> 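My structure is below; once you've seen it, I'll send some questions.
Values reported hereafter were calculated over all heavy atoms of this structure, with side chains retained and with hydrogens, waters and symmetry mates removed. In what follows, chains are A, B, ... by sequence order, proteins preceding strands, each numbered from 1. It should be emphasised that the depicted structure is a prediction, and the values quoted were computed from it without experimental measurement.
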2 protein chains.
Amino acid sequence: MSGTTRLLLADDQALVRGALAALLALEPDLEVVAEVGRGDEVLAAVAEHRPDVCLLDIQMPGIDGIEACAAVRAAHPDVRVLVVTTFGRPGYLRRALEAGASGFVVKDTPATELAEAVRRVRAGLRVVDPVLATESLVDGASPLTERESDVLRAALDGEPVSAIAARLHLSGGTVRNHLSAAIGKTGTRTRAAAARVARERGWI
Amino acid sequence: MSGTTRLLLADDQALVRGALAALLALEPDLEVVAEVGRGDEVLAAVAEHRPDVCLLDIQMPGIDGIEACAAVRAAHPDVRVLVVTTFGRPGYLRRALEAGASGFVVKDTPATELAEAVRRVRAGLRVVDPVLATESLVDGASPLTERESDVLRAALDGEPVSAIAARLHLSGGTVRNHLSAAIGKTGTRTRAAAARVARERGWI
DNA sequence: ACCTCGCCATGACACCTGTCACGGGTGCAA
DNA sequence: TTGCACCCGTGACAGGTGTCATGGCGAGGT
């Protein structure tokens, strides 16, 4: 069986999505059966088209690729997921694997390797960028508490503490305490730098 | 002549680059003759392979696509440039056109339109996303002075004023003056928000 | 020559931030 | 029960930040 492997593509950039489809269509054993541009369309498309492997981008409107991966794995355990993303942030890799992804490749890997990665995932193997795996180990999981993450996320757009506090229904002092803790854990000196570092590490 | 249009692809993400090559290779009148992953490799590749049209991403290591476009146009006025970028920021469009680009498409346009855009550029026409063009008009050019842009760029990673001043060989007070002006021009209240807005607008 | 504009700088002021110490509350595991 | 970690809050303090007034310099345009 499995003369051809059925694929679903999810990427918010239509041009990239179509280009990946063209690339994968060159392989005689691969077939793109569905394309979606939003994370919250993935589950329905899987149910309708029954792919063998899903290629999911992380940053998408609706829900992100990580959540979409978890949803697909929960509803269709036989469907495997390969996360294909722009940013090789260690936290992304860890969270993707926790969500049940079988593989994780960044978009600056050579195009010739994508089809092989798909085949490996199809065969039940794991595909993980080796350099990213080591980075993930040294950086480890996020040391931020849930509330610290919330506050740091709210601080991403540079609003003053008062606005953050209002949006989260907290006291200004509490926000500053959480920010201070996050600043310490990221090894930075301002909340802006802490937010940037946490985002790069995939902690938020 | 011009049985086929010769193309150069420049994108830092190898997977996207290869996928675009596969997509364009489906068109019988188009031929990808060169691929590069860095902005500072574009000029040499143009000189060597003599493409008719260059597809340049903006964000690349080395020099960005805008500068690469200007360099190509200066050295090879007969080579046309189509900027293909992720972010449809109005400032990018304006700067790309100033640099001599013949076209500007964002990566979430349908894949089927890319080949047509390339043909239009090849024919000497301009290709510009219409909604982006209107946004560019309403937002206008950057109101920031050169120094304000420098300071705001240096403020992007959240360093304190003292670090910015040291990096730019300025006094702390001067940095704060420039930041204050930028905050006023962006309609924000903190330098972090000003930097974010300026980046979204393509002003920096 | 004059004026305007950008650039750099200083000083002063009100305000915001980052840090610390402290307390009270919850939930969870030893 | 006793810790322990997380959450929320207050108060206080040093230092950073945003704003303004003011001044000097040089490059353009009238």
Side-chain angles (χ1 to χ4, degrees), chain A residues 91 94-95 98 139-204, chain B residues 91 94-95 98 139-204:
Chain A
R94 191 184 45 73
R95 283 160 52 196
E98 285 174 1
D139 272 350
S142 170
L144 300 175
T145 69
E146 187 179 344
R147 220 53 180 144
E148 285 162 7
S149 302
D150 293 340
V151 175
L152 213 49
R153 224 187 321 271
L156 268 178
D157 43 12
E159 283 178 327
V161 167
S162 58
I164 301 174
R167 193 169 0 147
L168 270 57
H169 307 290
L170 289 178
S171 129
T174 300
V175 170
R176 281 193 287 155
N177 285 337
H178 285 310
L179 286 177
S180 184
I183 288 170
K185 289 176 181 178
T186 51
T188 54
R189 292 175 59 192
T190 70
R191 68 192 177 290
R196 188 178 56 84
V197 168
R199 193 181 44 189
E200 283 177 1
R201 300 247 221 278
W203 291 350
I204 56 176
Chain B
R94 190 185 44 74
R95 281 161 53 196
E98 285 174 1
D139 272 351
S142 170
L144 301 175
T145 69
E146 187 178 345
R147 221 49 179 149
E148 286 161 4
S149 302
D150 292 341
V151 174
L152 213 50
R153 225 187 321 270
L156 268 177
D157 44 10
E159 284 178 327
V161 167
S162 58
I164 302 174
R167 198 176 347 154
L168 270 59
H169 307 291
L170 290 178
S171 129
T174 300
V175 170
R176 281 193 288 155
N177 285 338
H178 285 311
L179 286 177
S180 184
I183 287 171
K185 289 176 180 177
T186 51
T188 54
R189 293 175 58 191
T190 69
R191 69 191 176 292
R196 189 179 56 82
V197 169
R199 193 182 43 190
E200 283 176 3
R201 299 246 220 280
W203 291 349
I204 55 177

> What distance do A/Arg191 atom CZ and A/Ile183 atom CD1 have between them, rounded to the nearest 0.5 Å?
7.5 Å
> Would you compute the distance between atom NZ of B/Lys185 and atom OG1 of B/Thr145 and round it to the nearest 0.5 angstrom?
5.0 Å
> Chain A on DNA chain D: first and last contacting nucleotide, 5' to 3', under 4.0 Å to a heavy atom?
D/dC6 to D/dA12
> So if I take the C1' atoms of five pairs at each end of the helix from C/dA1-D/dT30 to C/dA30-D/dT1 and get each local axis, what angle do the two axes make, rounded to 10 degrees?
30°
> Grab the CZ-P distance between A/Arg189 and C/dT19 for me, whole Å please.
9 Å
> 5'-most contact on DNA chain C: A/Ala192 or B/Arg147, nearest heavy atom basis?
B/Arg147
> How far does CG of B/Asp150 sit from NE2 of B/His178, to the nearest 0.5 angstrom?
8.5 Å
> Heavy atoms under 4.0 Å, any strand shown: does A/Ser162 hit a base, just sugar-phosphate, or nothing?
nothing
> In Å and rounded to the nearest 0.5 Å, what is the OG to CZ distance from A/Ser142 to A/Arg94?
7.0 Å
> Go through residues 168-175 of chain A and report each residue with a non-hydrogen atom lying under 4.0 Å from DNA chain C, sorted by number.
none
> Could you state the CD-P distance from B/Glu148 to C/dC7, rounded to the nearest angstrom?
7 Å
> Which residues within residues 176-187 of chain B lie with some heavy atom under 4.0 Å of an atom in DNA chain C?
B/Arg176, B/Asn177, B/His178
> Quick one: closest heavy-atom pair of B/Leu179 and B/Ala155, and the distance?
CD2-CB, 4.3 Å
> Counting only heavy atoms from other residues, nucleotides and ligands, does the tally under 6.0 Å from CZ of A/Arg189 exceed 12?
no
> I need the minimum non-hydrogen distance between B/Ser149 and B/Trp203, along with the two atoms involved.
OG-O, 4.2 Å
> Say you draw a straight line from CD1 of B/Ile204 to CD of B/Glu200; how long is it, rounded to the nearest 0.5 Å?
10.5 Å
> Which atom pair, heavy atoms only, marks the closest approach of A/Leu156 to B/Arg196?
O-CD, 4.2 Å
> For B/Ala181 and B/Glu148, work out which heavy atoms get closest and say how close.
CB-OE2, 3.3 Å
> Which heavy atom of A/Gly158 sits nearest to which heavy atom of B/Thr190, and what is that distance?
O-OG1, 2.5 Å
> Kindly list each side-chain donor-acceptor pair under 3.5 angstrom involving residues 160-172 of chain B, sequence neighbours excluded, with atom names and distances?
{"unit_1": "B/Arg167", "atom_1": "NH2", "unit_2": "B/Ala154", "atom_2": "O", "d": "3.4"}
{"unit_1": "B/Arg167", "atom_1": "NH2", "unit_2": "B/Glu159", "atom_2": "OE1", "d": "2.4"}
{"unit_1": "B/Ser171", "atom_1": "OG", "unit_2": "B/Gly173", "atom_2": "N", "d": "3.0"}
{"unit_1": "B/Ser171", "atom_1": "OG", "unit_2": "B/Thr174", "atom_2": "N", "d": "3.4"}

> Give every pair of a protein N or O atom and an N or O atom of nucleotides 28-30 of chain C that lie under 3.5 Å apart, one pair per line with the distance.
none

> Give a yes/no on whether any side-chain N or O of B/Thr145 is located under 4.0 angstrom from OP1 or OP2 of C/dC7.
yes
> For A/Thr186 and A/Ala198, indicate whether the former's side chain and the latter's backbone hold a donor-acceptor pair under 3.5 Å.
no
